[in-house]
Amino acid sequence: MKNLFQVLSLFVLAAFALSSCTPAQQTDLSELNLIPIPCKIEAGNGYFEIDNQTKIILDNQNSELGEVAQMLIKHLCVATGFDFVIENKSARNSKNSILFQLNDDKELGREGYDIDVNPKQISINSNTPEGAFRAIQTLRQLLPAEIEKSEFVEKEWKVPSLSIRDYPRFEHRGAMLDVSRHFFGVEDVKRFIDFLAAYKMNKFHMHLSDDQGWRIEIKSWPKLTSIGGQTQVGGGYGGYYTQNEYTEIVNYAHKRYITLIPEIDMPGHTNAALASYPELNEDGIATELYTGTTVGFSTLATRKEITYKFVDDVIRELAELTPGPYIHIGGDESLVTEKDDYIYFIDRVQDIVLSYGKTMVGWDEIAHANLKPNAIAQFWAHKENAILAAEKKGKVIFSPAQNIYLDMKYDSTTQLGLSWAGYTEVMESYDWDPASLIPDFDESNIYGVESPLWSETIETMSDIEYMVFPRLPGIAEIAWSKPELRDWDTYKYRLSAHKDRFEAMNINYYNSPQIP
Ligand code: ACM
């Protein structure tokens, strides 16, 4: 009897010794590769494994938080093949769970979040469901890249133990897609929005009209689309969004906490409208439809009253369709509009935008007009205009063409794209900071960062992907992360690790020689 007891105790002791010899390993933070880099990360020990028993728990009765949890399930269920159930409150400390909690923590603001991972639980804390949605994007990146595949993958789905506290630097973080020079259908646009969401961007700017095509149905001016929407660069059929399709895009973006900013470019870049309605022309004669790529040759008749009836109708319909607070009125490169006429036009259009309760956004040239406080100028080319807009108490979005125009070629061998602002390799698009780009420009006037993709040479989703990736993640990091945490020499390794994710998502990315 005694012997048996001794043997048993030895066995227990040995088992205890063995287990304490192999403590849970500390997370190696250098292997995380998160983009945008979070404000603070602390390593924990061990890992949490998502399996078929993992529960999603909501600590608050909040239907919007429930929808965010559903979005997480959508990201997890395909590759893992697991069925996830959502439970409310009851099982707060239950092991093997992903817990969502809403808190009130000033530092986190509207979009910030904490993630705590330990072997028992992943907890996500935020002030809002929006913050929880941003956290989910981080959680995706903490999982193996195969989580992004649209098929089942046999794998251990481990998340390293850690604590993250994270919130954005700038309010406005976005990208623009030009659907005028070439038209892209609703499904392509949704995929573009998915890219923005994955890197925590929160604004999607649609360039809906230009010389080559009018892309949004306006019921009071139907020829804008029946004539002006028919062509595109190169002469093929263009297309347009019905109001229902536009609403579908708005809603898709909204579910991902992305605000859609519609742009009607005026008074230049208006040939598609001028070809559709003769009365918008100074001489009352409709222009020919245009399928080339020259800029700066068209203008609305700025001193004709019918022009303001037209603008009012367009902005009224667009404002009704657009829940977000912004209407973008273009205003760039109006090279055949007299300066007095230009200012008169922008002033009147600003009043129209305000009359529908919206905030006016325009390219940096609008700084020459009599901007009312809170107007937003989008700096793309002229630093003096950014300064002027700030002097007029306008906020400024930074979209410097030399740094972050996604249609600029990477180098002289890039087949797609243009090069008028120079070549923009991945490093050049990342290694700059908005706060030091314009000497003495006060950072408090910077509303954020947005990278445009113009589509003169971009015809397919695959073309879009090639120009967007891998530059977009870096631009998202400029807009989200603290500048002191960013540097190219470490970023390039983090970005390199995202190639597996691009491949899992079937993204046609540019394999830059700058990325190890
Ligand atoms: C622009 O690139 N014309 C804003």
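FYI, the numbering just counts along the sequence from 1. In each ligand, atom 1 is the first atom listed, and ligand 1 is the first ligand listed.
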key: N or O contact, Glu333 vs ligand 1, cut-off under 3.5 Å   = yes

ask   = Which ligand 1 atoms, with their elements, are less than 4.0 angstrom from a heavy-atom of Trp363?
value = 4 (C)

inquiry  = With no hydrogens and no angle check, just 3.5 Å: does a side-chain donor-acceptor pair link Glu428 and Tyr423?
reply    = no

request  = For atom 2 (O) of ligand 1, grab the closest protein heavy atom and report residue, atom and distance to one decimal in Å.
outcome  = Tyr405 OH, 2.7 Å

key: Distance from atom 3 (N) of ligand 1 to nearest protein heavy atom, with residue and atom   = Asp332 OD2, 2.7 Å

query = Is Arg140 salt-bridged to Glu148, going by a charged N under 4.0 Å from an acidic O?
reply = yes

task = Just jot down the ligand 1 atoms closer than 4.0 angstrom to any heavy atom of Trp454, in number order.
result = 1 (C), 2 (O), 4 (C)

Between Thr322 and Tyr246, a side-chain donor and acceptor under 3.5 Å = yes

ask   = Quick one: do Glu305 and Lys309 make a salt bridge, cutoff under 4.0 Å?
value = no

query = Just wondering, are more than 12 heavy atoms of other shown residues or ligands nearer than 6.0 Å to CD in Gln415?
reply = no

